[in-house]
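Quick caveat, the model's predicted, so the values are computed rather than measured. Protein chains get the first letters and strands the later ones, always in sequence-line order, with residue 1 at the start of each.
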Amino acid sequence: MAKEQGPMSGFRDLLAEQMLPRDDVLDTIKEVYGTYGFVPLKTPALERLATLTGKYGDEGEGLMYRFKDNGGRDVAMRYDHTVPLARVVAQYGQELPKPYKRFALGEVWRGESPQAGRYREFAQFDADIVGSSSYLADSEVIAMMSDAMSAIGVGAVIRVNDRRLLDGLAQECGITDKKGFLSLIGSIDKVDKIGQEAVVAEIEEAHGISAAKIVDDFLSIDGTTEQKLLKVSELVKNENSDEGIGSLSSILGTLAFSGYSEKSVVFDQTIARGLSYYTGTIYETTLTDLPSIGSVCSGGRYDKLIEQLGGPDTPAVGTSIGVDRLMEAMRQLGVQKDIKTRTQVYVTKVDGTVDRERFAIVQGLRKAGIAAELVYEDAKLGKQIKAIDKLGVEHILIVGTDEVGKNIVILKNLETGEQTEVPNSELANKVASLNNK
RNA sequence: GCGGGCUUAGCUCAGUUGGUUAGAGCGUCUGGUUGUGGUUCAGAAGGUCGUGGGUUCGAUCCCCAUAGCUCGCCCCA
């Protein structure tokens, strides 16, 4: 059958069984972010083309969804949350609190060719601290990522590095031009994918044997965070790397002091991040039980970006969660909740003459904060129960003329099969207590 | 932008070395008598075999084209 009536390639419908667990995860993350004082920011899905052009490089530009709107204006779909943030900072700079800690959750659109775990419309959940270059800001963002992963029940380790360390490494390798540097970083970034040997070979080809030797030694460094930092500082000695190591020591030391062990936050000199705009701390998140899915949450410090994007010269550090990849990971890990509805009680229909009473019962439950529904159409009770059970609703009420006459309802637990008569007056409390268990 | 794979029932897929009524599992529906499900039993509905052309007495199967989907590379989340 033609599958041409579905959504376009790279776009998806998310039905209740995807959206409900997703909402739960996002709510949990929002709560965590809230405990750090982050406030929400919503920017439009559509921006003026001029706001977005020239910000993502030629490649990004080509991937942007752009068109003329009905009034003939050039517009483009939001491509990420960072450029809109820069616009907001430029526009409201004076009014914003300092530091400005905001999170942004929403869809972004990129006209890439879709692949496994990559879509043309996908949600990003960004959190950034704008206006401070303090290492405490970096520390908070990393701690917050770690907390968020714990809160949603996913084991994760955040691997932290510093861009300046890599700058220093490049310097040691005799690489001074930006292009060479990006190629070096690009190679190092692939170490998880292709292995150290292949990376070293690639670097030897591009930058010569002595550079390859240094990188090989660099990548081989092992041990605890503290040991590794020491060894790196011995191997790469220059101003750049010293800054990076100093900053990493402060951040990781501070985090360790607050109980973030090496199981949750580590120094990893192989983290490179392909993006060119990072200036300091960089980090990625590896899921303990599903490393192959890649980083579900990553970011770093980008002190020059907001200025480049047309805002004021403002330091910033932030993180971005790939919501869809995270949900996919949770599905694969089997930790995604299996829910199709939030309804707690379903009132069945056994007798059409008591619809008013059934409706009133449902309204009473709803007023008490309980999610309740009632069956509309006549059907065999067995069929009703089957359908309700399939939805995953645990309790049903049976209300017919007998029950209405006695001012009671029959409450049945579909999991245990247990069934009791409950006086109408006690119903809401009874149901509430069931769901609190 | 480059390369591979796929497209048969609502879903996941068989299948025909080209030949009369295209199959399975799951799902859906009906029934195993009146207000009690998840197991089970009996039965039913449901397919222009992606679209267009060609070869052939005959095509879902072969050829060409086209579209859609999908997976890699690049880049990224």
More than 12 heavy atoms of other residues, nucleotides or ligands under 6.0 Å from CD1 of A:I209: is that the case?
-> no

Tell me yes or no: between the side chains of A:E262 and A:T225, is some donor less than 3.5 Å from an acceptor?
-> yes

How are the rings of A:Y302 and A:Y277 set relative to one another: parallel (under 30°), tilted (30 to 60°) or perpendicular (over 60°)?
-> perpendicular

B:G72 and B:G38: how far apart are their C1' atoms, nearest whole angstrom?
-> 43 Å

Do A:S134 and A:S132 have a side chain donor and acceptor closer than 3.5 Å?
-> no

Atom P, compared across B:C26 and B:G43: separation rounded to whole Å = 15 Å

Look at atom CD of A:E205 and say whether more than 12 heavy atoms of other residues, nucleotides or ligands are closer to it than 6.0 Å.
-> no

Rounded distance in Å - CG (A:D324) to C1' (B:C76) = 14 Å

How long is the line joining NE2 of A:H81 and P of B:C76, in whole Å?
-> 18 Å

Rounded to whole Å, CG of A:D189 lies from P of B:A77 at a distance of 10 Å

Counterpart base for B:U48, defined by Watson-Crick or G-U wobble contacts under 3.5 Å = none

To the nearest angstrom, the CZ-C1' distance between A:R325 and B:C75 comes to 12 Å

Close side-chain approach of A:P312 to A:V89, heavy-atom, < 4.5 Å | yes

Rounded to whole Å, CH2 of A:W109 lies from P of B:A77 at a distance of 17 Å

Is it possible for you to check whether A:R110 lies under 6.0 Å from the centre of the six-membered ring of A:F122, through NZ or CZ, and within 45° of that ring's axis?
-> no

Nearest-Å distance once atom C1' is located in both B:U55 and B:C62 | 8 Å

Does A:I410 offer a backbone N or O that forms a donor-acceptor pair with the side chain of A:Q419 under 3.5 Å?
-> no

Base, sugar-phosphate alone, or nothing: which one does A:T348 contact when heavy atoms must sit under 4.0 Å apart?
-> nothing

If you measure from the P atom in B:C71 to the same atom in B:C63, how many Å do you get, rounded?
-> 26 Å

Would you mind classifying the nucleic acid contact of A:M327 as base, sugar-phosphate or nothing, using non-hydrogen atoms under 4.0 angstrom?
-> nothing

Answer yes or no: is there a donor N or O on one side and an acceptor on the other, between the side chain of A:S146 and the main chain of A:I142, under 3.5 Å?
-> no

d(CZ, A:R22; P, B:A77) in whole Å = 17 Å

Looking only at atom P, what distance separates B:A9 and B:G23, rounded to whole Å?
-> 14 Å

Contacts under 3.5 Å, N or O only, protein and nucleotides 70-74 of chain B:
residue: B:U70; atom: OP2; partner: A:S9; partner atom: OG; Å: 3.2
residue: B:G72; atom: OP2; partner: A:A116; partner atom: N; Å: 3.4
residue: B:C73; atom: N4; partner: A:Q115; partner atom: NE2; Å: 3.4
residue: B:C74; atom: N4; partner: A:Q115; partner atom: NE2; Å: 2.8
residue: B:C74; atom: N4; partner: A:R118; partner atom: NH2; Å: 2.5

A:D268 and A:N161: side-chain donor and acceptor closer than 3.5 Å?
-> no

Given that both distances must come in under 3.5 Å, which nucleotide forms a Watson-Crick or G-U wobble pair with B:G1?
-> B:C73

Just name whichever nucleotide pairs with B:U55, Watson-Crick or G-U, keeping both distances under 3.5 Å, else none.
-> none

What integer number of Å spans the C1' atoms of B:U8 and B:U60?
-> 7 Å

For B:G4 versus B:U30, give the span between their C1' atoms, rounded off to a whole number of Å.
-> 47 Å

Separation of B:C76 atom C1' from A:L182 atom CG, nearest Å, is 15 Å

Return the nucleotide paired to B:G25: Watson-Crick means purine N1 to pyrimidine N3 with N6-O4 or O6-N4, wobble means G-U with N1-O2 and O6-N3, both under 3.5 Å.
-> B:C11

Is it true that the NZ or CZ of A:R12 lies under 6.0 Å from the centre of A:Y119's six-membered ring and within 45 degrees of the ring axis?
-> yes

Measure all distances between protein nitrogen or oxygen atoms and nitrogen or oxygen atoms of nucleotides 35-39 of chain B, and list the pairs falling under 3.5 Å.
residue: B:G35; atom: O6; partner: A:E403; partner atom: OE1; Å: 3.4
residue: B:G35; atom: N1; partner: A:E403; partner atom: OE1; Å: 3.1
residue: B:G35; atom: N1; partner: A:E403; partner atom: OE2; Å: 3.0
residue: B:G35; atom: N2; partner: A:E403; partner atom: OE2; Å: 3.1
residue: B:U36; atom: O2; partner: A:K412; partner atom: NZ; Å: 2.6
residue: B:U36; atom: O2; partner: A:Q419; partner atom: OE1; Å: 3.4
residue: B:U36; atom: N3; partner: A:Q419; partner atom: OE1; Å: 3.2
residue: B:U36; atom: N3; partner: A:Q419; partner atom: NE2; Å: 3.2
residue: B:U36; atom: O4; partner: A:Q419; partner atom: NE2; Å: 3.0
residue: B:G37; atom: O6; partner: A:L414; partner atom: O; Å: 3.4
residue: B:G37; atom: N1; partner: A:L414; partner atom: O; Å: 2.3
residue: B:G37; atom: N2; partner: A:D389; partner atom: OD1; Å: 2.6
residue: B:G37; atom: N2; partner: A:D389; partner atom: OD2; Å: 3.0
residue: B:G37; atom: N2; partner: A:L414; partner atom: O; Å: 3.0
residue: B:G38; atom: N1; partner: A:L414; partner atom: O; Å: 3.3
residue: B:G38; atom: N2; partner: A:L414; partner atom: O; Å: 3.2

Between B:G10 and B:U51, how far apart are the P atoms? Round to whole Å, please.
-> 14 Å

Return the value, rounded to whole Å, for the distance between atom OH of A:Y56 and atom P of B:A77.
-> 12 Å

